[in-house]
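For reference, the structure discussed in these notes is given below.
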Amino acid sequence: MKNIFLSLISCVFFLFSLESFAQGETFLADRHAQKGVNCVACHAETPPQQAVPTEKCQSCHGDFEAMKEKTKNLSPNPHYTHMGDQPCGECHNAHKPSVNMCGQCHKINMNVK
Ligand code: HEC
Ligand code: HEC
Ligand code: HEC
Ligand code: HEC
């Protein structure tokens, strides 16, 4: 019974992801632009050439402790795991789809934005 319920939930999520795909995929950098965070707010160099260090993300979003607090109601909390403090780029990508690094080893569904 529990399995049927979980399958239904996954189906709903699958349909949602198809829908967002149909609407045209946006990446994290696009969503920052929508909030007024432009290229130079993340990239030190002009024009941008390299990845953005974790410290830069933290200058706006706060340290590991702050991120842990922000997502404390999620299970598992993606920002507080046995993997310890991870660089943001292990999961979040800015110009391509983000990745669920936990999925390398576990069947954990995480929707990394
Ligand atoms: C100049 C400040 C700034 C920097 C630097 C920055 N962000 Fe953000 N970020 C924001 C703002 C503002 C928002 C939108 C408001 C919010 O959700 O907090 C946001 C939103 C997000 C979101 C939520 C996106 C969504 O769709 O809900 C994630 C995830 C995120 N940032 C990750 C990162 C990562 C990873 C980096 C480093 C590569 C980074 N941010 C660098 C300001 C910043
Ligand atoms: C192990 C993967 C992973 C790592 C590493 C990671 N994140 Fe996340 N992050 C996630 C997931 C999954 C979510 C989506 C949580 C949800 O469902 O709302 C998220 C959500 C966020 C959000 C939106 C939170 C909210 O509720 O508005 C921000 C901001 C964010 N991450 C910033 C960061 C920053 C900054 C770093 C590096 C210090 C980082 N993340 C490292 C997986 C990760
Ligand atoms: C939220 C922070 C953030 C913002 C805003 C952002 N970038 Fe990036 N950028 C990154 C990260 C992180 C990488 C590393 C690759 C990735 O995650 O996709 C990157 C990589 C790049 C690269 C190197 C090539 C690559 O894909 O590795 C270029 C070029 C680039 N960005 C251009 C831009 C331009 C132009 C803008 C403004 C329209 C912009 N970026 C806005 C975080 C950001
Ligand atoms: C390199 C492989 C690997 C990666 C990547 C990984 N784990 Fe694990 N994880 C393990 C192993 C090995 C164990 C211990 C054996 C077990 O219980 O399966 C474990 C145990 C766990 C447990 C149960 C034990 C506990 O700590 O209470 C959870 C929950 C968990 N991992 C979550 C995560 C999350 C969330 C991520 C992503 C941030 C992640 N793991 C990434 C290998 C990994």
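Here the structure is a predicted model, which means the values were calculated and not measured. As the structure lists them, so they are numbered: ligands from 1, and atoms in each ligand from 1. Along the sequence shown, residues carry numbers from 1.
- Within a 4.0 Å radius of atom 14 (C) of ligand 3, the protein has at least one heavy atom.
- With 2.8 Å as the limit, C105 does not count as an N, O or S neighbour of atom 8 (Fe) of ligand 4.
- Atoms of ligand 4 found under 4.0 Å from any heavy atom of P76 (numbered from 1 in listed order, with element): 35 (C).
- To the nearest 0.5 Å, the span separating SG on C88 from CD on E55 amounts to 8.5 Å.
- In this structure, atom 4 (C) of ligand 4 is in close contact with the protein, since a protein heavy atom lies within 4.0 Å of it.
- Inclusion of H95 in the first shell of atom 8 (Fe) of ligand 3 is supported: an N, O or S atom falls under 2.8 Å.
- Looking at H43 and atom 8 (Fe) of ligand 3 together, the shortest N, O or S contact belongs to NE2.
- In the hydrophobic clustering of this structure, V112 groups with I108; members are Ile, Leu, Val, Met, Phe, Trp, Tyr whose side-chain heavy atoms approach within less than 4.5 Å, directly or through other members.
- The shortest contact between atom 29 (C) of ligand 3 and any protein heavy atom is with P48 O, 3.3 Å.
- Atom 23 (C) of ligand 2 lies below 4.0 Å from none of the non-hydrogen atoms of the protein.
- Looking at C39 next to ligand 3, no N or O pair under 3.5 Å apart turns up.
- With a 4.0 Å heavy-atom cut-off, ligand 2 is reached by no atom of T81.
- Among protein heavy atoms, the minimum distance from atom 17 (O) of ligand 3 is reached at A94 N, 2.9 Å.
- At the top of the distance list for atom 1 (C) of ligand 3, counting protein heavy atoms only, stands C42 SG, 2.9 Å.
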Could you walk me through whether M83 and M101 pass the side-chain contact (heavy atoms from CB on, under 4.5 Å) test, one step at a time?
-> CA-CA 10 Å; M83 299 298 285; M101 65 98 84; 4.1 Å; yes
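- The CD atom of E69 sits 9.0 Å away from the CG atom of N73 when rounded to the nearest 0.5 Å.
- For the atom pair NE2 (H92) and NE2 (H61), the distance works out to 8.5 Å, reported to the nearest 0.5 Å.
- For ligand 4 and M101, the ligand atoms under 4.0 Å from any heavy atom of the residue are 5 (C), 37 (C), 38 (C).
- Residue I108 approaches ligand 4 through these ligand atoms, each under 4.0 Å from one of its heavy atoms: 32 (C), 33 (C), 34 (C), 35 (C).
- Less than 4.0 angstrom separates some heavy atom of Q86 from each of these atoms of ligand 2: 5 (C).
- In this structure, S98 has no heavy atom closer than 4.0 Å to ligand 2.
- Checking atom 40 (N) of ligand 4 against the protein gives a heavy-atom contact under 4.0 Å.
- Protein heavy atoms are found inside the 4.0 Å sphere centred on atom 43 (C) of ligand 4.
- Residue N93 comes nearest to P97 through the heavy atom pair ND2-O, 3.0 Å, listed as atom of the first residue, atom of the second, then distance.
- By the 3.5 Å distance cut-off applied to N or O atoms, H106 is counted among the residues near ligand 4.
- Annotation for E90 and V99: closest pair O-CG2, 3.2 Å, computed over non-hydrogen atoms.
- Side-chain N/O atoms of T71 and N77 include a donor and acceptor closer than 3.5 Å.
- Heavy-atom separations between L28 and ligand 3 are all 4.0 Å or longer.
- By the definition of a contact as any protein heavy atom under 4.0 Å away, atom 32 (C) of ligand 4 is in contact.
- Within a 4.0 Å radius of atom 26 (O) of ligand 3, the protein has no heavy atom.
- When the N, O or S atoms of H82 are ranked by distance to atom 8 (Fe) of ligand 4, NE2 comes first.
- Ligand-side atoms of ligand 2 in range of F64: 38 (C), range being under 4.0 angstrom from any heavy atom.
- Ligand-side atoms of ligand 2 in range of P87: 5 (C), range being under 4.0 angstrom from any heavy atom.
- Less than 2.8 Å away from atom 8 (Fe) of ligand 2, the protein contributes these N/O/S atoms: H79 NE2, H92 NE2.
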